[in-house]
Every structure is written in structure tokens, then in C-alpha cells.
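As C-alpha cells, the structure follows; a few thoughts come after it.
Below, read A as the first sequence line, B as the second, and so on, with proteins coming before strands; counting in each chain starts at 1. All values below were derived from every heavy atom in this structure, side-chain atoms included, with hydrogens, water molecules and symmetry-related copies excluded.
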There are 2 protein chains.
Amino acid sequence: MDVHPKVIPSKVSRRRTQVERRAQGEKALLDAAAELFAAQGIVQTSLAQIGQRAGYSRGLVNHHFGTKDALIDRLARQCQEQFWKAFAEIDVETGLEGILATIDTYLAQIVSPAPHGRAFLVMRAAALPEASMAPTIAEADERTREVFVSWIETGHRDGSISRRVKAEPFAAILLGLLHGLAAQLFVAPDAVDMGALRSQCHDVVRAALEEREPRREERQ
Amino acid sequence: MDVHPKVIPSKVSRRRTQVERRAQGEKALLDAAAELFAAQGIVQTSLAQIGQRAGYSRGLVNHHFGTKDALIDRLARQCQEQFWKAFAEIDVETGLEGILATIDTYLAQIVSPAPHGRAFLVMRAAALPEASMAPTIAEADERTREVFVSWIETGHRDGSISRRVKAEPFAAILLGLLHGLAAQLFVAPDAVDMGALRSQCHDVVRAALEEREPRREERQ
DNA sequence: TGATAGTTGCTTGACGATTAGCAAGTAAGT
DNA sequence: ACTTACTTGCTAATCGTCAAGCAACTATCA
């Protein structure tokens with residue numbers, strides 16, 4: 001694993017204030033951690049690697065964040081913010097369009113060259129059996145489900161989403177679908193065609209959400 | 001974490017053959033590993049803990065499997081077999097019913113008291129950034145998607161599934177949905193109601209798969 | 001403006017704890 | 001007796017954490 005500093009931050013350029021120094025160091029550490037976590041996992045990444053990659057020493061993580069767990073928690077929240085920021089910029093007419101746009105936004109974050117999306121996936125996966133991370137991740141899930149719930153209720157009001165659709169369980173299904181898809185893409189990026197996936201995804205969600213005509217024959 | 005042996009295998013009972021001894025030891029180790037992985041994760045579980053939990057010594061894992069990675073790979077395949085065995089027992093009429101039954105079977109494995117389902121989830125999650133496990137997991141995903149593909153094609157033939165549904169991308173979506181749902185249940189078992197989830201899951205899949213009447217009005 | 005003392009960011013050395021793997025030994029089955 | 005299952009002592013390596021020290025920045029005063 002390449003652990004060397006990608007770009008040496010402009011530390012040599014000019015006289016910086018203390019707040020600038022601190023902010024630059026902290027950002028460099030978080031970026032380095034995101035890249036390394038995304039590439040090789042959390043436990044496989046040592047604090048020394050993070051410091052080196054960021055262009056600093058091994059001790060800086062402890063100086064800034066205290067412990068490794070604190071860094072992880074901080075980074076998880078920051079990565080999650082990226083998602084919400086992107087979600088918040090969605091501007092569409094109907095609830096159904098909101099859901100579809102959110103799906104696209106999520107997938108775009110995952111395949112983005114910026115490591116934050118994938119780093120969040122890795123941290124989310126690592127949280128499964130780890131008590132220390134579970135609360136943060138559970139809270140993130142909760143908030144993301146609420147985004148979906150809100151779109152569904154909007155759709156109920158504007159008529160783009162059938163009232164038969166129950167908001168909470170459907171939000172859980174949708175979030176699960178996205179996380180699960182992302183996980184498959186992660187371990188085997190070429191196993192499924194991204195374009196077909198996105199289009200089929202839209203079809204499925206549309207079919208599930210839109211008002212349906214009563215079917216001619218009812219199966220058993 | 002409680003690491004003590006759950007049930008001492010009947011080693012004292014009777015004179016066993018060598019093959020019985022080997023099989024018992026191996027099974028005890030794999031069971032212990034599954035329980036510990038499911039409860040506290042892979043890297044957090046040491047070989048010594050596995051041996052102790054199985055009622056043996058620290059060194060037995062190395063003796064039987066050589067390395068920790070070999071044990072993990074072996075266990076991942078075994079857990080995956082549990083899923084496929086359960087899938088293979090599904091006996092229904094139509095392709096659509098096959099899909100729905102597969103969903104129920106999957107969810108049942110996850111909430112089962114036996115640790116293999118959750119252990120597989122944990123191993124799958126750990127494989128995200130880990131090159132050594134990714135191929136095994138990617139292969140497992142591939143085979144599971146094929147189960148879905150096969151049901152979808154059955155449904156195409158018997159008319160229970162619309163021909164508009166493309167098998168491969170839909171299989172990926174379905175697998176993602178299940179894995180993602182399971183992951184949510186893992187970190188926050190009480191966040192969503194299991195019954196409502198299952199029922200909504202069926203609704204979504206039904207809506208996506210069944211032939212639809214042409215809608216009265218087409219939205220933009 | 002320029003020197004100096006104080007504050008804060010950052011580095012380095014060291015410690016304690018943990019762990020996977022192996023080699024040599026013991027016990028159980030044939 | 002002899003093979004095979006299993007145990008135990010050992011080693012080398014890794015890593016998180018912290019205390020002490022060094023370097024960069026800031027404020028004060030001449």
C-alpha cells in the first residue's frame with residue numbers, strides 16, 4: 001500500500017496563523033485517514049501510516065484527536081455530512097422525483113473519485129460487530145431514513161407516491177438497497193453494469209411507489 | 001466478551017476414532033469462530049480465543065488450518081453453504097413465489113439464533129477493503145445472484161414475472177436489498193419493525209416484478 | 001521596528017500489551 | 001511401535017498511547 005504523502009500541503013509557502021496550522025493539519029489527517037480506510041480498511045491502517053500520508057509525524061493523530069476511536073468517529077460524521085450536503089441540494093417537484101434523485105446522488109457519491117463515500121462504506125461495514133462504532137452508524141442510518149421518509153410524505157401529499165406505501169419500512173428498504181448495492185460494487189466493480197443497474201433501480205422504485213390500477217386477476 | 005467454552009464437546013465420553021477426533025475438533029473450532037466473529041468481529045478475535053471457546057488450546061487453529069486467513073476463508077464458505085442449502089429446499093410453483101420465499105429464507109437466516117448467518121454478514125462486511133477476502137465474497141455474491149436470476153427466468157416462463165424485468169440487474173438489486181437490510185438490523189435491531197419490513201419487502205418486490213396494466217396517465 | 005517571553009502545534013523516544021506463527025513436546029488412537 | 005491429534009514455550013513484530021522535548025506562531029514591551 002502506498003502510504004507516502006500525496007501532496008505535501010503548502011506548509012512551506014507562507015507564514016500561517018495558528019488556527020490555519022491547526023485546521024490544515026486536521027484536514028490533512030482526516031483526508032489521509034479517509035483514503036487509507038477506503039483502500040485498506042480501518043484496523044489495517046495504523047496511526048503512523050495516517051500521519052505519514054498526511055505529511056506529518058506518527059504522533060499527530062493522538063495530539064489532535066486523542067485516540068484512534070475518536071478519529072474514526074469524527075471521520076464517520078464528516079463523511080456522512082458529505083452525503084447529507086448532497087442530499088440537501090436536491091431540488092425537484094414531486095416526492096417521487098425526490099426519491100429517484102436521492103438514489104442517483106447516493107450512487108454518485110460511491111463511485112466518486114473522492115474517497116469519502118467509500119470510506120464511509122468501509123466504516124459502516126466495520127461497525128457491524130463493533131460496539132464502539134455502532135451508535136454513530138445507527139444514528140446516521142436513522143437520519144438518512146428520515147430523508148426518505150420526508151420525501152415519501154411529500155409524495156403522499158402531491159400524489160406522486162401511493163398511500164399504500166408505508167414510509168418507515170420503505171425507507172429502511174431503500175437505504176438497505178443502496179448500501180447493499182454499494183457493497184457489491186465495492187468488492188466486484190465489474191460484476192454488474194452500472195447504467196443498467198441505475199435504470200433498473202429507478203424502475204423498481206417507480207413500480208413500488210406509484211399508484212397501481214387494480215389488477216385484473218388476483219393471485220391466490 | 002465471554003470466551004469460555006459453551007459446551008465441552010463429548011471428548012470424555014467414549015473412545016473415538018481419529019477421523020472423529022479431527023472432525024469434532026474442526027467443527028468445534030469453526031463453530032467457536034462463527035460465534036466470536038458474529039459477536040465481536042474478526043480482527044478483534046484472536047486465535048487463542050477461538051481455541052479456548054472451542055474447548056481446546058490456543059494452537060489448534062494453526063494446526064488445523066495453518067493460518068488465520070485460511071480459517072476465515074473456510075468459515076466464509078461454510079456459512080455461505082448454509083444459505084444455499086436453505087435456498088435449495090425452497091419448493092414453490094411460480095418464479096415470483098420463489099423470489100418471495102428466498103427473501104423470507106434469507107431474513108430467517110439472519111435473525112436465527114445460530115451464529116452462521118450473522119457471522120457471514122460480518123465476514124462480508126470485513127471483505128470490503130480487504131483484498132484477501134474479496135474474491136471469496138465476490139464469488140458468493142455471484143452465486144447468490146444466480147439463484148435470483150434463475151427464479152426470474154422461471155417467472156418469465158410461467159408468466160408470474162414481467163418480461164420487462166431484466167434478470168441480472170434485478171438480481172443485484174435484490175441481493176443488495178437483503179444485505180443492506182440485514183446490516184441495518186445488525187446495528188440497530190429495534191430501529192425497524194421486522195414484520196412490517198417483511199410485508200413491505202414483499203409488496204415492493206411484487207410491484208416491481210408483476211405485469212402492470214398500462215397506467216391511465218403518463219407522468220411527464 | 002525589533003527583541004523576548006509565552007503559547008500552541010508538532011515530533012520523537014519509550015513502554016506495555018497483544019498476537020500470529022512455529023518448533024518441540026505430550027497424549028490419544030491404530 | 002508408530003501415526004496423528006493436540007498442547008505449550010517461545011519469538012518476532014506491530015501498534016496505540018503518552019510524556020518529554022523541539023519548532024512555529026503570537027503578544028508584549030522597548
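The CD1 atom of A:I50 sits 16 Å away from the P atom of C:dC10 (whole-angstrom rounding). Atom CD1 of B:I42 is separated from atom P of C:dA20 by 12 Å (rounded to the nearest Å). Whole-Å rounding puts the B:R22 CZ to C:dT30 P distance at 14 Å. Across the protein-nucleic acid pair, B:L60 atom CG and C:dC22 atom P stand 15 Å apart, rounded to whole Å. The NZ-C1' distance, from A:K27 to C:dG9, rounds to 19 Å in whole Å. Across the protein-nucleic acid pair, A:H63 atom NE2 and C:dT12 atom P stand 14 Å apart, rounded to whole Å. Distance CD (A:E26) to P (C:dT8): 16 Å, rounded to an integer number of Å.
Between B:H64 and D:dC6, a side-chain N or O to OP1/OP2 separation shorter than 4.0 Å is present. Regarding contacts with the backbone of D:dC18, every side-chain N or O of A:N62 stays at 4.0 angstrom or more from both OP1 and OP2.
Between B:R21 and B:K68, the residue anchored nearer the 5' end of DNA chain C, judged by the nucleotide with its closest heavy atom, is B:K68. Nearer to the 5' terminus of DNA chain D, by closest-nucleotide assignment, is the contact made by B:G25 (compared with the other of B:G25 and A:T45).
Ring geometry for B:Y106 against B:F87 counts as parallel: the plane angle stays under 30°, on a 0 to 90° scale with 60° as the upper cut.
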Would you sort out whether A:L181 and A:L177 count as a side-chain contact (heavy atoms from CB on, under 4.5 Å), showing the intermediate values?
-> CA-CA 6 Å; A:L181 267 187; A:L177 196 159; 3.7 Å; yes
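Taking only distance into account, the side chain of A:R58 meets the base of C:dG13 through a donor-acceptor pair shorter than 3.5 Å.
Side-chain polar atoms of A:Q40 and B:E130 form no donor-acceptor pair below 3.5 angstrom.
A salt bridge between A:R77 and A:E81 is absent, with no side-chain N of the basic residue lying under 4.0 Å from a carboxylate O of the acidic one.
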